[in-house]
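The structure under discussion is supplied below as C-alpha cells; questions concerning it will follow.
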There are 2 protein chains.
Amino acid sequence: MTRSEENYLKTIFHLGGGNATSISTNAIAEQMETKPSSVTDMAKKLSEKGLVNYKKYQGVSLTDEGKKTALSIIRKHRLWEVFLVEKLDFTWDEVHEVAEQLEHIKSEKLIDKLDELLNYPKYDPHGDPIPSKDGKFMERDKQLLSELPLNSEGVCVGVKDSSAPFLKFLDKNKIALGNTIEVLEKEDFDQSLRIRMEDRELRISHQIASNLYVKKNQ
Amino acid sequence: MTRSEENYLKTIFHLGGGNATSISTNAIAEQMETKPSSVTDMAKKLSEKGLVNYKKYQGVSLTDEGKKTALSIIRKHRLWEVFLVEKLDFTWDEVHEVAEQLEHIKSEKLIDKLDELLNYPKYDPHGDPIPSKDGKFMERDKQLLSELPLNSEGVCVGVKDSSAPFLKFLDKNKIALGNTIEVLEKEDFDQSLRIRMEDRELRISHQIASNLYVKKNQ
DNA sequence: TTTAAAATTTAGACAAATCTAAAAATTGGT
DNA sequence: ACCAATTTTTAGATTTGTCTAAATTTTAAA
Ligand SMILES: [Mn+2]
Ligand SMILES: [Mn+2]
Ligand SMILES: [Mn+2]
Ligand SMILES: [Mn+2]
C-alpha cells in the first residue's frame with residue numbers, strides 16, 4: 001500500500017458515506033484536488049489489486065477488502081487526532097493536517113498501543129467515531145442543530161465542517177463539544193437561531209447551525 | 001525536503017561521525033543498500049540545494065545547512081524512540097523501524113510538544129544523545145567495555161551495535177543500560193571477559209564487550 | 001431521436017527516484 | 001610512470017504518480 005493508494009481509498013470511503021456506493025472519478029478528483037485522468041489511472045490500479053470495483057465510465061466503489069483498508073486508515077487518523085489533543089495539547093483545528101501524515105505510519109503494534117494509551121476512545125476531537133481494530137464503529141445518534149425543534153434541548157456532539165476556520169470560530173465563541181444547547185427562537189427571515197448554550201444566550205446563523213451536530217435530550 | 005533526501009542527509013551525517021568529513025558515494029550506497037549511481041544523482045540534487053558539498057570523484061560532505069537538517073531528523077528519530085519505549089511499552093529492539101517512519105513527519109509543534117511530554121530526555125533508548133532544537137548535543141563520556149581496564153567499574157550507558165539481534169541478546173542476558181559492571185578478568189586467549197554485572201557474575205565474548213559502551217566510575 | 005454539453009478515458013509527457021551497463025577517472029602496486 | 005583494479009560517473013531505461021490535450025462515451029435537453 002502506497003500513501004497515494006491509501007488516500008484514494010479513504011476519499012472513496014468518505015464520498016460513499018461508508019456504503020458501497022459508486023463514486024464518479026470527477027467527484028474523487030475534486031475532493032483530492034487532482035485531475036480526473038489521474039483518478040482513472042489509480043482506479044485501474046486499485047481494481048487490479050482487488051480494492052475497488054471499477055468499470056469504465058461507471059465510477060468506483062470499494063470492495064470489502066478496500067473498505068477494510070480505508071477503515072484502518074480512518075482509525076489511525078482519528079486515534080492520532082485524539083493523541084494530539086489529549087497528550088500534546090493541540091487544539092482541534094490543528095490536528096487534521098498532522099494526522100494526515102501520521103495515518104500512513106505502518107505498525108500494527110503502534111496503533112494498538114496508542115489506542116491503549118488513550119484508553120480506547122470512541123470518538124475523535126471532532127465527534128467522529130473511531131473504528132475498532134476489526135473495522136466496526138457506531139455512528140452516533142445525532143442531528144444538525146439547524147434541525148433541532150424549537151424549545152428542545154441537546155448536547156453538542158460533533159461538527160460537520162471540520163475546517164480550521166469553522167473550528168476556530170467555535171473556539172472564539174466558546175462553543176465546544178459536550179455543551180448543552182437549547183433552541184429558544186428560530187428566525188424565519190434568515191433561519192438564524194437564538195440559543196441558550198450552557199448559561200449564555202446567543203444568536204447563530206443558519207450556516208453555523210447546519211454544521212453543528214447535536215444529540216437531542218430524551 | 002523529500003523523505004529520500006532526508007535519509008541521504010542522515011546517512012552522510014552518521015558516516016561522517018558528525019564532522020564535515022568527505023564521504024564516498026560507495027560508502028553511502030552500501031549503508032543505504034542502494035547503488036552508487038543513485039547516490040551520484042542524489043549528490044547532485046542535494047548539492048544544487050546547498051545541503052552538501054559535492055565535487056565529482058571527491059565524495060560528499062554536509063554543509064552547515066545540511067548538517068542542521070540531518071540533526072533535526074536525528075532529533076525526531078530519537079525522541080520518537082523514547083516515546084515508543086516510555087509511553088507505548090515498546091522494547092528497545094522494536095523502536096528503530098517505526099522511528100524510521102516517524103522521523104519524517106513534518107510538524108515543528110508536534111516534535112516540541114513530544115519533547116515536553118517526554119520531559120526533555122537527553123538520551124534515546126540506546127544511549128544515543130538527542131540533539132536539542134538548535135542542533136546541539138553532548139556526546140557522553142563513554143568507552144567500550146572491551147577497553148575498560150581490569151578491576152575497574154563502570155555503568156552501562158549505550159550500545160554501539162543497535163541491531164535487534166544484539167539488543168535481544170542483551171535482554172535475554174539481563175544486560176540493560178544503567179547496570180553497574182566490573183571487569184573481573186580478561187582472558188588473553190580470546191579476549192573474553194569475566195564481569196560482575198549488578199550482583200551476578202558472567203562471561204562475555206569480545207564481540208559483546210566491544211559493542212557495549214560504559215562510563216567508567218571516577 | 002438527435003445533438004450539444006459534460007464526464008470520462010486514452011495517449012503521450014514529465015519529475016522523482018531508482019536501476020543496469022558502459023565509460024571515465026582515480027588509486028595503488030610494481 | 002605505467003597498468004590493472006577499483007571507484008565513480010554517465011547514459012539510458014523503469015516505476016509511480018501526476019499532468020495536458022485529444023478522443024470517446026454518457027447524459028440530458030430539445
Ligand atoms: Mn481529520
Ligand atoms: Mn477528525
Ligand atoms: Mn534508531
Ligand atoms: Mn536509537
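In what follows, chains carry the letters A, B, and so on, assigned in the order in which the sequence lines appear, proteins first and then strands, with residues in each chain numbered from 1.
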Does C/dT9 have its OP1 or OP2 closer than 4.0 Å to a side-chain nitrogen or oxygen of A/Lys35?
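No.
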Rounding to a whole Å, what distance do you find between A/Met32:CE and D/dC19:P?
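About 10 Å, once rounded to whole Å.
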Rounded to the nearest Å, what distance is computed from the CE atom of residue A/Met1 to the P atom of nucleotide D/dT16?
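Rounding to the nearest Å, CE of A/Met1 and P of D/dT16 are 13 Å apart.
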Does this structure show an ion pair linking A/Glu6 with A/Lys106, if we count only N-O contacts that are shorter than 4.0 Å?
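Here A/Glu6 pairs with A/Lys106 in a salt bridge, since their nearest N and O are under 4.0 Å apart.
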Do the side chains of A/Glu65 and A/Lys49 get close enough for a salt bridge, i.e. N-O under 4.0 angstrom?
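Result for this pair is no, no salt bridge flagged.
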Figure out the CE/P separation between A/Met42 and C/dT8, and round it to whole Å.
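Atom-to-atom, A/Met42 to C/dT8, this comes out as 18 Å.
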On the nucleotide D/dT9, are OP1 or OP2 found under 4.0 Å from the side-chain N or O atoms that B/Tyr54 carries?
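It does, given that an N or O in the side chain of B/Tyr54 lies less than 4.0 Å from OP1 or OP2 of D/dT9.
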Can you check whether B/Thr2 has a side-chain N or O nearer than 4.0 Å to OP1 or OP2 of C/dA16?
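B/Thr2 to C/dA16 OP1/OP2: no side-chain N or O under 4.0 Å.
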Using 30° and 60° as the class boundaries, would you call the ring planes of B/Phe83 and B/Trp80 parallel, tilted or perpendicular?
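Perpendicular.
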Atom CG of residue position A/Asn173 - does it have more than 12 heavy atoms of other residues, nucleotides or ligands inside 6.0 Å?
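Count over threshold, so yes.
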For atom CG of B/Asn26 and atom P of D/dA5, their distance in whole Å
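Atom CG in B/Asn26 sits about 18 Å away from atom P in D/dA5.
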A/Ser4 vs D/dT18: side-chain N/O to OP1/OP2 distance below 4.0 Å:
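For D/dT18, OP1 or OP2 has a side-chain N or O of A/Ser4 closer than 4.0 Å.
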Interatomic distance, A/Ile28 CD1 vs C/dA7 C1' [rounded to whole Å]:
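Checked: the CD1 to C1' distance equals 13 Å.
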Once you round it to whole Å, what is the distance between C1' of C/dT18 and CZ of B/Arg3?
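Taking CZ of B/Arg3 and C1' of C/dT18, I get 16 Å after rounding.
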Looking at C/dT9, I'd like to know if its phosphate oxygens (OP1 or OP2) sit under 4.0 Å from a side-chain N or O belonging to A/Thr40.
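Yes, A/Thr40 has a side-chain N/O under 4.0 Å of OP1/OP2 on C/dT9.
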At 4.0 Å (heavy atoms only), tell me whether A/Thr25 reaches a base, stays on the sugar-phosphate, or touches nothing.
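The residue A/Thr25 makes sugar-phosphate contact but no base contact.
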I need the CD-P distance between B/Glu6 and C/dA16, as an integer number of Å.
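Distance check: B/Glu6 CD to C/dA16 P gives 16 Å.
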Looking at A/Ser24, does any N or O in its side chain come under 4.0 Å of the phosphate oxygens OP1/OP2 on C/dT8?
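Answer yes for this pair, as a side-chain N or O of A/Ser24 is under 4.0 Å from OP1 or OP2.
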Face-on cation placement of B/Lys109 at A/Phe90 ring, 6.0 Å and 45° thresholds:
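Output yes; distance and angle both within limits.
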Earlier contact from the 5' end, DNA chain D, for A/Gln58 and A/Asp41
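Nearest nucleotide further toward 5': that of A/Asp41.
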Nucleotide nearest A/Tyr57 when distance is taken to its side chain, options D/dT26, D/dC19, C/dC19:
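Nearest to the side-chain atoms of A/Tyr57, counting from C-beta on, is D/dT26.
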Distance check: side-chain N/O of A/Tyr8 vs OP1/OP2 of D/dT18, anything under 4.0 Å?
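Result: yes.
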Expressed in angstrom and rounded to an integer, what is the separation of A/Glu5 atom CD from D/dT15 atom C1'?
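Between C1' of D/dT15 and CD of A/Glu5: 12 Å.
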Which part of the nucleic acid, if any, lies within reach of A/Ser37 when heavy atoms closer than 4.0 Å are counted: base, sugar-phosphate only, or nothing?
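Base contact.
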May I ask you to evaluate whether B/Lys56 reaches the phosphate of C/dT26, defined as a side-chain N or O under 4.0 Å from OP1 or OP2?
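Looking at the OP1 and OP2 atoms of C/dT26, neither is under 4.0 Å from any side-chain N or O of B/Lys56.
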